[in-house]
*Asks:* 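Quick one: the structure is below, questions incoming.
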Amino acid sequence: MKKVYANATEALDGLLSDGMLIAAGGFGLCGIPELLLNAIKDSGVKDLTFASNNAGVDDFGIGILLQTRQVKKMISSYVGENAEFMRQYLSGELELEFNPQGTLAERMRAAGCGIPGFYTKTGVGTVIADGKEHKDFGGETYILEEGIFADLSIVKAWKADETGNLVFRKTARNFNPPAAMCGKVCVVEVEEIVPTGSLDPDSIHLPGIYVHRLIQGAHEKRIEQRTVRQREDA
Amino acid sequence: MKKVYANATEALDGLLSDGMLIAAGGFGLCGIPELLLNAIKDSGVKDLTFASNNAGVDDFGIGILLQTRQVKKMISSYVGENAEFMRQYLSGELELEFNPQGTLAERMRAAGCGIPGFYTKTGVGTVIADGKEHKDFGGETYILEEGIFADLSIVKAWKADETGNLVFRKTARNFNPPAAMCGKVCVVEVEEIVPTGSLDPDSIHLPGIYVHRLIQGAHEKRIEQRTVRQREDA
Amino acid sequence: MPWDRNQMAARAANELEDGMYVNLGIGIPTLVANYVGDKDITLQSENGMLGMGPFPYEGEEDPDLINAGKQTITELRRTAYFDSAQSFGMIRGGKIAAAILGAMEVAENGDLANWMIPGKLVKGMGGAMDLVAGVGRVIVVMDHTNKHGDSKLLKECTLPLTGKGVVDMIITNLGVLDVVEGGLRIVELADGVSEDELRAATEATIV
Amino acid sequence: MPWDRNQMAARAANELEDGMYVNLGIGIPTLVANYVGDKDITLQSENGMLGMGPFPYEGEEDPDLINAGKQTITELRRTAYFDSAQSFGMIRGGKIAAAILGAMEVAENGDLANWMIPGKLVKGMGGAMDLVAGVGRVIVVMDHTNKHGDSKLLKECTLPLTGKGVVDMIITNLGVLDVVEGGLRIVELADGVSEDELRAATEATIV
């Protein structure tokens with residue numbers, strides 16, 4: 001079973017269709033599947049719904065699909081860095097479903113784990129709870145949140161072996177594992193594919209069972225806010 | 001904040017009380033908190049409820065607490081290896097709540113993640129579903145399972161740093177992370193405490209935030225079923 | 001002549017396809033691993049491992065490396081370890097393509113009983129309920145009749161269920177049957193077993 | 001003289017105890033890290049990190065290492081990384097001892113509004129709703145009044161809530177107040193601020 005594909009376009013071949021729900025990993029511009037997003041843009045597929053914590057910036061990440069009007073709806077927790085997003089949203093061209101960040105992550109993880117619904121205190125008494133089932137446990141009120149079952153997962157990892165075992169790097173892990181779990185099919189881009197057997201079996205962040213297709217490529221890895229401190233001179 | 005204690009007795013000091021609910025890691029005899037179980041035995045605390053996948057064997061693991069009649073109830077998925085367990089259960093001395101193994105693991109993880117209830121297909125149409133809320137999602141029926149909020153977690157890891165960051169080894173990881181998450185207080189025994197900074201931050205299986213007290217000690221690590229294959233001679 | 005344990009296991013292995021992630025139960029299902037040939041099959045052990053290898057050589061047993069039957073095993077180059085919540089997350093979430101399990105009884109509607117005999121010793125369901133509820137395809141491998149000669153393929157299960165309507169295929173010493181609308185459908189007969197023999201040994205409706 | 005940003009941050013740092021795991025919001029709360037002294041405090045960044053270090057030296061920025069404000073940061077010797085589901089699992093599960101956050105409005109019953117102004121640009125709640133629902137203690141650090149001079153400590157919030165009854169303590173430029181039964185209780189006044197001044201700037205009931 002060969003999981004390794006030559007490039008993003010080939011890895012997505014046959015998987016894209018108008019109106020589909022895509023779960024994407026990444027937080028801000030950190031750990032986003034930039035190669036796959038570019039290929040989705042080139043494919044011209046449209047009316048997409050994205051479950052993704054953020055919407056990228058105007059010219060990077062999911063933002064590039066907003067420029068081309070390929071996105072119908074976002075399920076996100078924070079979209080503050082994207083001017084085109086705001087324009088389309090305020091003009092009614094784009095739907096937006098806000099999810100608290102932890103609820104979004106757990107909804108992805110839940111779907112991947114065969115859990116269609118779970119209760120959380122997050123958002124009780126806020127607009128997030130409107131229309132959702134409320135239930136008491138131990139005298140406290142919780143709301144029911146449902147799993148996000150995506151048609152496709154797109155994910156960025158640091159390294160993979162040929163069987164799709166994945167390793168992430170630092171905070172670029174973020175939403176990638178839960179996003180990978182919740183799709184019917186999961187396509188992953190990595191910086192390096194290493195021979196099977198060269199990753200430590202105790203240190204694999206996401207086993208290959210979650211990974212259907214895999215590509216290796218060069219990543220821009222753009223920094224959104226470059227903050228530094230001054231060196232104290234000796 | 002010092003988490004490292006001299007031994008199991010000191011690490012449990014002030015934490016034990018009759019009738020408490022303890023979540024224990026381990027699968028079979030693999031990865032069980034053997035030092036802490038011995039100290040619990042010596043403490044004489046009684047009427048304990050254990051959430052633990054198994055009940056050990058007669059003279060190792062939770063089995064030693066059955067010998068001394070310190071256990072009132074087990075929440076487990078499989079108790080087949082323990083003759084004394086069977087005797088006490090069949091004579092009505094011991095309560096038993098069977099949980100499917102995955103439901104047990106998820107109930108622990110859920111409680112640790114602030115999720116008091118979740119829906120699962122596991123057990124629908126069986127005795128496990130009796131008396132539980134049923135709910136349809138997407139035309140399929142699921143049952144509600146509740147989080148296990150334990151008073152105390154006892155866990156065995158391979159290595160820890162001084163801040164309690166944990167690393168497990170091979171299949172000895174098993175129930176230890178979910179068990180660690182679900183207790184009000186979590187006490188951990190490891191084979192080796194290493195200096196903080198010597199574990200790879202990308203390869204920590206359970207961050208120290210879950211770990212309140214920590215001991216290092218020698219482990220018997222008994223093998224339950226020694227199965228081998230023959231070497232083919234050259 | 002009916003199939004023996006190894007022939008049943010070999011027949012079950014035929015159902016596995018290249019690239020599948022599979023969970024094998026205790027007993028005959030364990031033997032299936034010997035018959036996958038050059039198909040790329042990854043075995044899951046539900047205590048927290050993908051890529052389960054064979055038993056270790058004597059002297060190389062590792063107490064930290066066991067399978068769901070608590071037996072010492074080995075790892076492979078592809079192996080990944082994870083905790084029990086993650087392990088059953090992938091089972092419940094349908095990531096495992098197939099489970100091959102033993103059974104006490106299977107009903108014609110796919111009901112499965114394989115964990116408990118009331119009044120006898122009660123050991124527990126372990127991971128069986130999660131597996132049959134979650135995996136893509138459930139294949140039962142068992143003898144066609146019990147030691148009293150009674151059919152284990154029933155109209156309705158008499159024992160407490162492990163799962164309702166969960167079995168897809170049954171492989172016995174007498175042949176192979178699919179669970180379909182209305183009952184069981186014969187897919188294949190064991191060498192030298194006639195359809196009449198199989199029907200005579202089957203209480204469940206054969207369509 | 002009312003406290004400045006740094007004095008408010010220093011006062012908030014006083015609330016932190018040795019051994020605590022803490023989440024700091026954007027703005028003044030970020031400054032709290034400068035005032036923990038020799039207390040052993042571990043900072044969580046909800047995008048998947050415990051043990052957040054300071055900003056990197058120029059030239060050492062790592063695109064794979066950012067905080068929840070998307071700023072480049074560094075790791076410490078105690079650092080552990082994990083995914084977003086795990087991160088919010090520990091937040092929701094009450095493992096984080098305290099969150100220090102900014103706010104637009106706080107009500108006398110502990111209601112908090114800090115994520116949305118209807119009709120204006122809507123950016124989203126990010127992790128704020130999870131934090132206030134889950135962490136052990138929620139400390140708000142903010143100016144006592146808005147730029148129009150109106151109190152931000154209200155009888156009832158006018159903006160959409162981030163959480164209901166979630167705030168435990170409010171630290172403003174005028175002083176420190178606890179949320180208690182029946183309203184707010186003055187804990188401390190900023191240097192040179194009189195109780196009358198603080199009361200005059202507060203719409204919420206002071207008990």
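To find a chain, count down the sequence lines: A is the first, B the second, and so on, and within it residues start at 1. Here the structure is a predicted model, which is why all the values come from computation and not from measurement. Only heavy atoms go into these numbers, but all of them, side chains included; no hydrogens, no water, no symmetry mates.
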*Asks:* So, do B:Tyr119 and A:Tyr119 sit near enough that their side-chain heavy atoms are less than 4.5 Å apart?
*Replies:* yes

*Asks:* Suppose a student defines contact as a heavy atom less than 4.5 Å from any heavy atom of chain B. Which residues in residues 184-202 of chain A would they list?
*Replies:* A:Asp202

*Asks:* Within this structure, what is the NZ-NZ distance for the pair A:Lys135 and B:Lys135, rounded to the nearest 0.5 Å?
*Replies:*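 Taking NZ in A:Lys135 and NZ in B:Lys135, the distance rounds to 7.5 Å.
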
*Asks:* Measuring from A:His205:NE2 to B:His205:NE2, what's the distance to the nearest 0.5 Å?
*Replies:* 7.5 Å

*Asks:* Looking at A:Lys46, I want to see if its NZ is surrounded by more than 12 non-hydrogen atoms of other residues, nucleotides or ligands under 6.0 Å.
*Replies:* no

*Asks:* Could I get the full list of side-chain contact (heavy atoms from CB on, under 4.5 Å) partners for B:Ala55, not counting sequence neighbours?
*Replies:*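 With neighbours one apart ignored, the set is B:Leu66, B:Met74, B:Val79, B:Asn82, B:Phe85.
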
*Asks:* Which atoms of A:Arg173 come close to chain B, meaning under 4.5 Å heavy atom to heavy atom: side chain ones, backbone ones, both, or neither?
*Replies:* side chain

*Asks:* With only heavy atoms counted, which part of A:Leu144 is less than 4.5 Å from chain B, the side chain, the backbone, both or neither?
*Replies:*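 Just its side chain gets close to chain B.
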
*Asks:* Listed by residue number, which members of residues 30-37 of chain A have a heavy atom under 4.5 Å from any heavy atom of chain B?
*Replies:* none

*Asks:* Under 3.5 Å, sequence neighbours excluded: what are the donor-acceptor pairs made by side chains of residues 109-118 of chain B?
*Replies:*
unit_1	atom_1	unit_2	atom_2	d
B:Arg109	NH1	A:Glu106	OE1	3.3
B:Arg109	NH1	A:Glu106	OE2	2.6
B:Arg109	NH2	A:Glu106	OE1	3.1

*Asks:* Given a strict heavy-atom distance threshold of 4.5 Å, which part of A:Glu140 is in contact with chain B: side chain, backbone, both, or neither?
*Replies:* neither

*Asks:* For A:Phe168, which atoms come within 4.5 Å of any heavy atom of chain B: side chain, backbone, both, or neither?
*Replies:*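 The answer is the backbone of A:Phe168.
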
*Asks:* Measure distances from B:Glu145 to the heavy atoms of chain A and classify the residue's part below 4.5 Å as side chain, backbone, both or neither.
*Replies:*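 Neither part, no heavy atoms under 4.5 Å.
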
